[in-house]
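Structure, as structure tokens:
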Amino acid sequence: MTLWEGGTLDEHEIEGYVDKAANAVAFEWPGVVDAEDLRQDIWVRLLESPKWQENVRDADPALKVDILKRLATQIASDCANDYERFSGNAFYGTNHVRYLLESGVLTIDRDELSTTSETLTEFIDTHDAYAALQSRSPQYSEIIWQCFVLKTFDKNTSTARSQLSRAVRAMTDLMNQANRRRVAEYEHGPGSRAVVSNEKARMLSQQTYSGGGEHFNTFAQ
């Protein structure tokens, strides 16, 4: 059966690529998602998104897994962020992140930490998250740099303030991801935490979350 109308790629042809991507990303996100959840959600995203369909269909065979891994990583990230918000377990809130960025932590070296009030954990999570932000969302990383390092970002318009808020939110999510991965890898070890499935996140969302995307727990604001 053809997956896309008029397409040249069918479901059976990419099934192996989807499995490889789901398994790889599930291994990279221990205790957050499992491979079966990712397989199912990759198919859902593909069926719902013409852009992802086009990306996979037009890619060389050697690149199809990489593209699907990016999609799977996005799904895993969304699931983890939702669970953190719903459960109230986020390590960083946006106010905390703004404070760290305003303190200049992005521009100091590790050996300068002894002269500041920031911790090594905060330093590592900030730098890891900013590197990820540069890769995933260059526009947001530029806004962060202009606002908190160069001090040239113009916040006089509502559009600019909204862009900055979204950039800080993205940075916050990435810092929580960095912190979560480090704790899982170095303190608990891979696979030691119970897997948080997408279904569990959805149940939590139904119980504790209603309305649009701006209603999160107070700590994460």
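The analysis underlying the following values was restricted to heavy atoms, covering all of them including side chains, and did not include hydrogens, waters or symmetry mates. Count residues from 1 along the sequence.
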- Item | Pairwise side-chain contact, Met171 with Leu101, heavy-atom cut-off 4.5 Å (strictly under) | yes

- Please round to the nearest 0.5 Å and tell me the distance separating atom CZ of Arg169 and atom CG of Leu164. 12.5 Å

- Message: Tell me the closest heavy-atom pair linking Ala72 and Ala21, and the distance in Å.
- Response: CB-O, 4.3 Å

- Task: Determine yes or no for a side-chain-to-main-chain donor-acceptor pair under 3.5 angstrom, with Ser137 supplying the side chain and Leu133 the backbone.
- Result: no

- Note on the structure: To the nearest 0.5 Å, atom CG of Asp125 lies from atom OH of Tyr92 at 3.5 Å

- Note on the structure: In this structure, OG1 of Thr107 is separated from NE2 of His127 (nearest 0.5 Å) by 7.5 Å

- Message: Using the salt bridge (charged side-chain N to carboxylate O under 4.0 Å, His left out) criterion, which residues pair with Arg45? Sequence neighbours excluded.
- Response: Asp78

- Can you name the nearest heavy-atom pair linking Leu38 to Ala26, along with the distance? CD1-N, 3.7 Å

- Check whether any side-chain N or O of Ser162 sits under 3.5 Å from a backbone N or O of Thr159 as a donor-acceptor pair, and report yes or no. no

- Point-to-point distance, once rounded to the nearest 0.5 Å, from CZ of Phe123 to CG of Asp109: 6.5 Å

- Closest non-hydrogen atoms of Ala160 and Asp154, given as atom of the first, atom of the second and distance, are CB-O, 3.1 Å

- Item | pair Phe148-Leu106: side-chain heavy atoms closer than 4.5 Å | no

- Note, Arg70 side chain near Trp52 side chain (heavy atom, < 4.5 Å): yes

- Query: Should Met175 and Val149 be regarded as members of a common hydrophobic cluster, given that ILVMFWY residues are connected when their side-chain heavy atoms come within less than 4.5 Å of each other, either directly or indirectly?
  - Reply: yes

- Task: To the nearest 0.5 Å, tell me how far Leu68 CG sits from Trp43 CH2.
- Result: 8.5 Å

- Check whether any side-chain heavy atom of Leu113 lies under 4.5 Å from a side-chain heavy atom of Thr116, and answer yes or no. yes

- Message: Any side-chain to backbone donor/acceptor pair from Asp60 onto Leu63? Under 3.5 Å, distance only.
- Response: no

- Item | Test item: side-chain donor near acceptor, Thr94 and Arg98, under 3.5 Å | no

- Thr73 and Arg136 have their tightest heavy-atom pair at CG2-NH2, 4.1 Å

- Note on the structure: Output for pair (Asp66 CG, Leu71 CG), nearest 0.5 Å, gives 13.0 Å

- Message: Looking at every non-hydrogen atom in both residues, tell me the closest pair between Gln163 and Tyr140 and how far apart they are.
- Response: O-CE2, 4.2 Å

- Task: For Tyr17 and Pro61, work out which heavy atoms get closest and say how close.
- Result: OH-CB, 3.8 Å

- Item | Donor-acceptor contact present, side-chain Lys64 to main-chain Ala59, <3.5 Å | yes

- side chain to side chain contact (heavy atoms under 4.5 Å, CB included) with Thr126: of Thr121, Leu174, Val105, only one passes, and it is Val105

- Lys151 atom NZ, over 12 foreign heavy atoms within 6.0 Å: yes

- Can Glu54 and Arg57 be counted as an ion pair, charged N to O under 4.0 angstrom? no

- Query: When hydrophobic residues are tied together by side-chain contacts of less than 4.5 Å, even through go-betweens, does Ile143 share a cluster with Tyr99?
  - Reply: yes

